[in-house]
Number of protein chains: 2
Amino acid sequence: MKTPLKIGELATHCGVALETIRYYEKIGLLPLPHRAANGYRVYGTAHIEQLAFIRHCRALDMPLSDIAALQQFADEPSGDCGEIDSLIETHLARVHERLASLQNLERQLLNLRAACTSGRCVQECGILHELTAAAQGDGCVCHSQTPVSN
Amino acid sequence: MKTPLKIGELATHCGVALETIRYYEKIGLLPLPHRAANGYRVYGTAHIEQLAFIRHCRALDMPLSDIAALQQFADEPSGDCGEIDSLIETHLARVHERLASLQNLERQLLNLRAACTSGRCVQECGILHELTAAAQGDGCVCHSQTPVSN
DNA sequence: AAAAACCCTATAGCCACTTTAGGGTCAAGC
DNA sequence: GCTTGACCCTAAAGTGGCTATAGGGTTTTT
């Protein structure tokens, strides 16, 4: 891996859009890079590692605020690990909850799809009937036991 | 169900935040209500049903643009039902994809959590080690085969 | 020397809301 | 009749995590 890198090279290397890098810099998630004489950003090994860390955490769908917190912890190696654990725990709970609600959602949509096959006109479309009836609280194939939470 | 309703009553009845109702109105998803002499919004049965329909679709996580399209279809009952079907189909595919990526995510986070139990100091925290190592592309317990797509 | 590829800043847009600021109106109790 | 509190109004800004656009400058390739 050759260093230093220009922003476009860093972007390609880490599989990130280049505007995203500037965005991370703007919100203070990435430290300010050096600048070449022409004003171009210049990145070294530390930046590469840090961006890779951020992207890996994002691939785990962690919010940027969690990632910032993790970086803080990493900078104070003598602190207690418990907060890291609970951060992951909380995130896991979030994911788990979202997963359950998506599974419920999928089931409802499958039922909904089964209510109609195309070729008919809108008036007799089972899907619209189901959706309207459900909104009215009548019985229908797509029961909405668990409301979706975002 | 008594009518007419003021905005707060409609909100309570449909389980929606009152600002959300005004927002739906502003973007043209809900038609303009009548106004009382004092300028207050006044809603009737049609509005209640329409809002309930919107919320039910939102509970199925449909984007507002899909919901607007469905309402369009409902207003032209002689049209072909096929577009409704494919709208649901597309949405189902979205949900299914997100579901798969969340399942993968959960697995990775479980592995990550297993890498550390609290009581240690940050320096020897398995979670941070895993996250950093993974970012570097080394082998680690939380393999990232499928990137998360939003 | 010209064209393409890269870099810069600042600002606006995306989704679906939520929050804030700064008011007006109305019913109940003192 | 006057205050208190619950309700209503508008307009604008903020949220998260980017993405896109406008309007430039620089560097590399042809």
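Order of the sequence lines sets the chain letters (A, B, ...), proteins ahead of strands, with each chain counted from 1.
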**Q** For the residue pair B:His47 and B:Pro31, what are the closest heavy atoms and their distance?
**A**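 The pair with the smallest heavy-atom distance is NE2-O, 3.4 Å.
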
**Q** Return the value, rounded to whole Å, for the distance between atom CG of B:Leu30 and atom P of C:dC17.
**A**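 In whole Å, C:dC17 P and B:Leu30 CG are 12 Å from each other.
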
**Q** I'd like to know if A:Arg55 and A:Asp61 make a salt bridge, using a cut-off of under 4.0 Å between side-chain N and carboxylate O.
**A**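 Salt bridge: no.
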
**Q** Please tell me whether A:Leu30 and A:Leu32 are part of a single hydrophobic cluster in this structure, the criterion being side-chain heavy atoms less than 4.5 Å apart.
**A**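 No.
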
**Q** How many Å lie between CD on B:Glu9 and C1' on C:dC26, as a whole number?
**A**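 The distance from CD of B:Glu9 to C1' of C:dC26 comes to 13 Å, rounded to the nearest Å.
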
**Q** Of the nucleotides C:dC7, C:dA16, C:dT18, which one has an atom closest to the side chain of B:Thr20?
**A**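 The listed nucleotide nearest to B:Thr20's side chain is C:dT18.
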
**Q** Whole-Å distance between C:dC15 P and B:Met62 CE?
**A**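 Between P of C:dC15 and CE of B:Met62: 17 Å.
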
**Q** Using whole Å, what does the distance between atom C1' of nucleotide C:dC17 and atom CG of B:Leu51 come to?
**A**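 Roughly 14 Å, once rounded to whole Å.
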
**Q** Walking along DNA chain D from 5' to 3', note the first and the last nucleotide with an atom under 4.0 Å from a heavy atom of chain B, and give both.
**A**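 Boundary nucleotides touching chain B, in 5' to 3' order, are D:dC7 to D:dT10.
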
**Q** Which atoms form the tightest heavy-atom contact between B:Leu99 and A:Leu102, and what is the distance?
**A**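 Where B:Leu99 meets A:Leu102 most closely, the heavy atoms are CD1-CB, 3.5 Å.
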
**Q** Under a 3.5 Å distance rule, please check whether A:Arg58 uses its side chain to pair with a backbone N or O of A:Met62 as donor and acceptor.
**A**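 Judged by distance alone, yes, a pair lies under 3.5 Å.
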
**Q** Figure out the CD1/C1' separation between B:Ile27 and C:dA16, and round it to whole Å.
**A**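 From B:Ile27 CD1 to C:dA16 C1': 8 Å.
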
**Q** Starting at CD of B:Glu9, measure out to CZ of B:Arg41 and round the result to the nearest 0.5 Å.
**A**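 It comes to 14.0 Å.
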
**Q** Near DNA chain D, under 4.0 Å by heavy atom, which residues of residues 31-44 of chain B?
**A**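 Those residues are B:Arg35, B:Gly39, B:Tyr40, B:Arg41.
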
**Q** Counting only N and O atoms by type, is there a donor-acceptor contact under 3.5 Å from the side chain of A:His96 to the main-chain atoms of A:His91?
**A**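 Answer holds: no.
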
**Q** Can you run down the salt bridge (charged side-chain N to carboxylate O under 4.0 Å, His left out) pairs that involve residues 66-79 of chain B, sequence neighbours left out, and say none if there aren't any?
**A**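 The answer is B:Asp66-B:Arg94.
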
**Q** Rounding to an integer number of Å, can you tell me how far B:Arg55 CZ sits from C:dA16 C1'?
**A**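 In whole Å, C:dA16 C1' lies 10 Å from B:Arg55 CZ.
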
**Q** In whole angstrom, give the distance that lies between atom OH of B:Tyr24 and atom P of C:dT18.
**A**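 About 8 Å, once rounded to whole Å.
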
**Q** By the 4.0 Å heavy-atom rule, please label B:Ile7 as base, sugar-phosphate, or nothing.
**A**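 Since only primed, P, OP1 and OP2 atoms lie under 4.0 Å of B:Ile7, the category is sugar-phosphate.
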
**Q** Indicate if B:Ile21 and B:Val42 have the same hydrophobic cluster label, given that clusters are the connected sets of ILVMFWY residues with side-chain heavy-atom separations under 4.5 angstrom.
**A**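 Unlinked, B:Ile21 and B:Val42 end up in two clusters.
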
**Q** A:Leu18 near the nucleic acid: base, sugar-phosphate alone, or nothing, with a heavy-atom cut-off under 4.0 Å?
**A**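 Here A:Leu18 touches the backbone only, sparing every base.
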
**Q** Under 4.0 Å from OP1 or OP2 of C:dC8: is there any side-chain N or O of A:Arg22 that close?
**A**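 A:Arg22 to C:dC8 OP1/OP2: side-chain N or O found under 4.0 Å.
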
